[in-house]
Amino acid sequence: MEISCRHWNNILFFVTVVVLGFVQSQNDGPDRPLFGAPGSPIHLSASDPSLQKVVRFAEGRYNTGSNGIYLRRVSKIVSASKQVVKGIKYSIVIELGNTMCKKSAALADPAACDFHADPNKLKTEVCVFEIWDIPWQRKSTILKQKCQPAASSKETDRTGPLPLSPSTPVKEAVNLLSAFKEFVTKHNRSYSSQEEADKRLRIFQENLKTAQMLQSLDQGSAEYGVTKFSDLTEEEFRSLYLNPLLSQQNLRRPLRPAAPPRGPAPPSWDWREHGAVSSVKNQGMCGSCWAFSVTGNIEGQWFLKNGELLSLSEQELVDCDRLDQACGGGLPSNAYEAIEKLGGLETETDYNYTGHKQNCDFSTGKVAAYINSSVELSKDENEIAAWLAENGPVSVALNAFAMQFYRKGVSHPLKIFCNPWMIDHAVLLVGYGHRNGIPFWAIKNSWGEDYGEDGYYYLYRGSRLCGINKMGSSAVVN
Ligand SMILES: *[C@@H]1O[C@H](CO)[C@@H](O)[C@H](O)[C@H]1NC(C)=O
Ligand SMILES: *[C@@H]1O[C@H](CO)[C@@H](O)[C@H](O)[C@H]1NC(C)=O
Ligand SMILES: *[C@@H]1O[C@H](CO)[C@@H](O)[C@H](O)[C@H]1NC(C)=O
C-alpha cells in the first residue's frame with residue numbers, strides 16, 4: 001500500500017511539473033497568489049537543499065533587522081513550502097534561538113556560534129517568512145516577516161536530539177518519556193525494535209514541539225498536543241491519511257453550480273441534531289477520505305429525501321470507482337460520477353470497509369441509495385452556511401496540516417500553517433455556529449471517534465481558512 005502511494009506521488013510529481021504554468025489562475029480575492037498564474041505550492045522537507053539557502057537568507061535578514069545584541073541562528077525549520085511564480089515564492093516557519101556571539105563581533109562564520117548554553121537564557125522566537133526568490137536576477141525579497149516569542153513553558157525549551165544529550169534538563173526528559181509511555185499504552189503501539197522505538201520517540205518529541213508551536217500561534221480556542229498520530233512524521237501522516245489529488249485543480253471535473261440558497265444562513269445549524277449524520281467512521285491507513293466525505297454527504301441527502309438515515313459503503317468506492325485512486329486519493333467530483341455510473345451505493349453492512357483495495361464486489365441488487373447528479377457550491381462561506389442549513393451536510397476539502405495535532409476547541413491556525421492552495425483532505429461539513437464568540441465550522445472527520453472532539457474537528461469560520469471554502473459539493477437525489 002505504501003508503495004502504491006509512493007508510486008502515485010511520483011506520477012503526481014511528474015504531472016505537477018508538466019502542468020505548472022498552465023493551471024489557470026483562480027480569481028478568488030485575497031487568497032489569489034501575488035504573481036498571476038501560479039502552480040500549486042509544494043511542501044518542502046527540512047533537508048531540501050534549495051531551502052537551506054532561503055533559510056540562511058531569512059536568518060541574515062532577521063539579524064540585520066533586529067535590535068538584539070546577540071546573533072540568532074535558526075534552531076528548527078517548522079514547515080516550508082514553495083510555489084512557482086515569477087521565480088519562486090517560499091513560505092517558511094522557523095525557530096530562531098539566541099547564540100553567545102555578539103553581532104558586533106563581525107564573525108567570519110556565524111554558523112560556528114553556539115546557542116546559549118543556559119536554558120533560562122535561551123530565548124526562542126518563532127518566525128513566519130515569505131521570500132520571493134528570482135534566481136536569474138540573483139534577487140531575493142522578503143515579502144513578509146512576522147515573529148513572536150515561542151511559548152515559554154518548560155516543555156518548549158530546547159531539548160536537543162535524543163538520545164538525550166547531557167545538557168537536556170532531566171525533568172524535561174522524564175516528562176517526555178512519561179508522555180511517550182502514556183501514548184504507547186493508550187494507543188496500543190508496539191515497535192519492532194529498540195531502534196524503531198527510539199526513532200518514534202524522537203518523532204514524538206518533534207511533534208510535541210510542532211503542536212506547541214501551533215498552540216502558541218493559534219488564534220482560536222484550540223488545544224493541540226498528543227494525538228493518535230503523534231509518532232508519525234509529517235510525510236508518513238501525509239502518505240497514510242491524506243490525499244494529494246485534492247490540490248490538483250486541473251484534475252477536477254467541473255460540476256454544475258448549485259442553486260443559490262433561498263435565504264440567509266440562520267445564526268447556527270447542526271445536522272447532527274436533525275438525524276442526518278451517521279456515526280463517525282475510520283478510514284484507517286488508506287487515503288480514502290474522499291470516499292468518506294462523499295458517502296457522508298449522500299447519507300444526508302438520502303435522509304432528507306427519504307427520511308431514513310443509512311450508513312453507506314466507502315469500500316464500494318475504494319474497489320469500484322475507476323475514476324479515483326482507491327487508497328491513493330480521489331476527488332468527490334469523480335466519485336459522484338462513478339456512483340451514478342454504478343447505479344448507487346450499498347450499505348456499510350452489505351459492503352464492509354477493509355481499508356485496502358479489493359476486487360469490485362458491487363451488486364445492483366443491493367443498492368440502498370442512488371444519486372441523480374451533483375453540484376458545486378459557492379466559495380462564499382456565508383452562502384455555504386445558508387446552503388448547508390437548507391440542503392444538508394456538504395462535502396468539502398481543506399489543508400489538514402493542523403489536524404494531525406488537534407485535540408479540541410476551535411482551531412484557528414495561522415494561514416502559513418494552512419495554505420489554502422495545499423488542500424489534502426476531504427471531510428464533511430455538518431454544521432456551524434459560535435463558541436464563546438468564535439465562529440466555527442463543525443467538521444465530521446473519518447479518523448475514528450478517538451480523534452479530536454468525538455471524531456469531529458472544529459475550524460474557525462469566516463476567513464476561508466485552510467481552503468475550506470474551495471471545494472464544497474453535494475450529490476443530488478431526485
Ligand atoms: C493491541 O495490539 C495488539 C498487537 O498489535 C493486538 O493484537 C490487539 O488486539 C490490540 N488491542 C487493542 C485493544 O487494540
Ligand atoms: C460487516 O460488518 C457487519 C457489522 O460489523 C457484520 O454484521 C457483517 O457480518 C459484516 N459482513 C461481512 C461480509 O463481513
Ligand atoms: C434518479 O436516479 C434513479 C436511479 O438511477 C432513477 O431510478 C430515477 O428515475 C432518477 N430520477 C430522476 C428524476 O431522474
Side-chain angles (χ1 to χ4, degrees), residues 245 251-263 269 271 274-279 281 283 288-326 329-354 357-378 383-384 386-397 426-430 444 446 471-478:
L245 265 187
L251 299 181
R252 271 158 60 181
R253 237 158 255 270
L255 297 179
R256 178 164 62 88
R262 291 182 295 280
W269 192 264
W271 279 113
H274 302 268
V277 185
S278 68
S279 54
K281 305 182 189 183
Q283 70 187 74
S288 53
C289 54
W290 55 277
F292 287 84
S293 173
V294 162
T295 55
N297 164 261
I298 298 176
E299 287 164 0
Q301 291 301 308
W302 192 259
F303 171 78
L304 286 160
K305 277 283 168 327
N306 302 299
E308 186 189 10
L309 181 65
L310 301 170
S311 180
L312 297 171
S313 173
E314 294 76 28
Q315 192 64 39
E316 176 186 328
L317 291 173
V318 170
D319 297 345
C320 311
D321 170 354
R322 311 235 181 275
L323 302 173
D324 287 303
Q325 306 295 330
L331 295 168
S333 54
N334 288 343
Y336 299 129
E337 185 170 321
I339 294 165
E340 282 180 59
K341 282 192 180 136
L342 285 162
L345 285 171
E346 296 186 22
T347 63
E348 202 76 70
T349 328
D350 281 341
Y351 204 145
N352 280 11
Y353 190 69
T354 64
K357 188 171 164 56
Q358 317 163 134
N359 290 330
C360 178
D361 189 26
F362 170 73
S363 91
T364 320
K366 289 191 187 154
V367 165
Y370 58 78
I371 68 174
N372 294 84
S373 59
S374 50
V375 290
E376 187 167 324
L377 268 60
S378 152
E383 284 184 29
I384 296 173
W387 196 96
L388 175 144
E390 282 175 17
N391 299 285
V394 175
S395 164
V396 290
V427 289
L428 187 71
L429 284 187
V430 301
K444 186 188 185 192
S446 51
M471 279 186 71
S473 69
S474 176
V476 175
V477 179
N478 289 334

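Order of appearance sets the numbers: ligands from 1, and atoms from 1 within every ligand.
Contacts classified as salt bridge (charged side-chain N to carboxylate O under 4.0 Å, His left out) and involving residues 292-320 (residues at least two apart or in different chains) are given here: K281-E299, K281-E314.
Judged by distance alone, with hydrogens and angles left aside, the side-chain atoms of T347 form a donor-acceptor pair with the main-chain N or O of D350 at under 3.5 Å.
Looking at residues two or more places apart in sequence or on another chain, you find a salt bridge (Lys or Arg N to Asp or Glu O under 4.0 Å) between E390 and R262.
Among protein residues, Y370, N372, N478 come within 4.0 Å of ligand 3, judged on heavy atoms.
For W271 and F303, the ring centers sit 6.0 Å or farther from each other.
The aromatic rings of W269 and H274 lie parallel to each other, their planes meeting at an angle below 30°, with 60° marking the opposite boundary.
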Under 3.5 Å, sequence neighbours excluded: what are the donor-acceptor pairs made by side chains of residues 471-478?
{"residue": "S473", "atom": "OG", "partner": "Y336", "partner atom": "OH", "Å": "2.8"}
{"residue": "S474", "atom": "OG", "partner": "N297", "partner atom": "ND2", "Å": "3.0"}

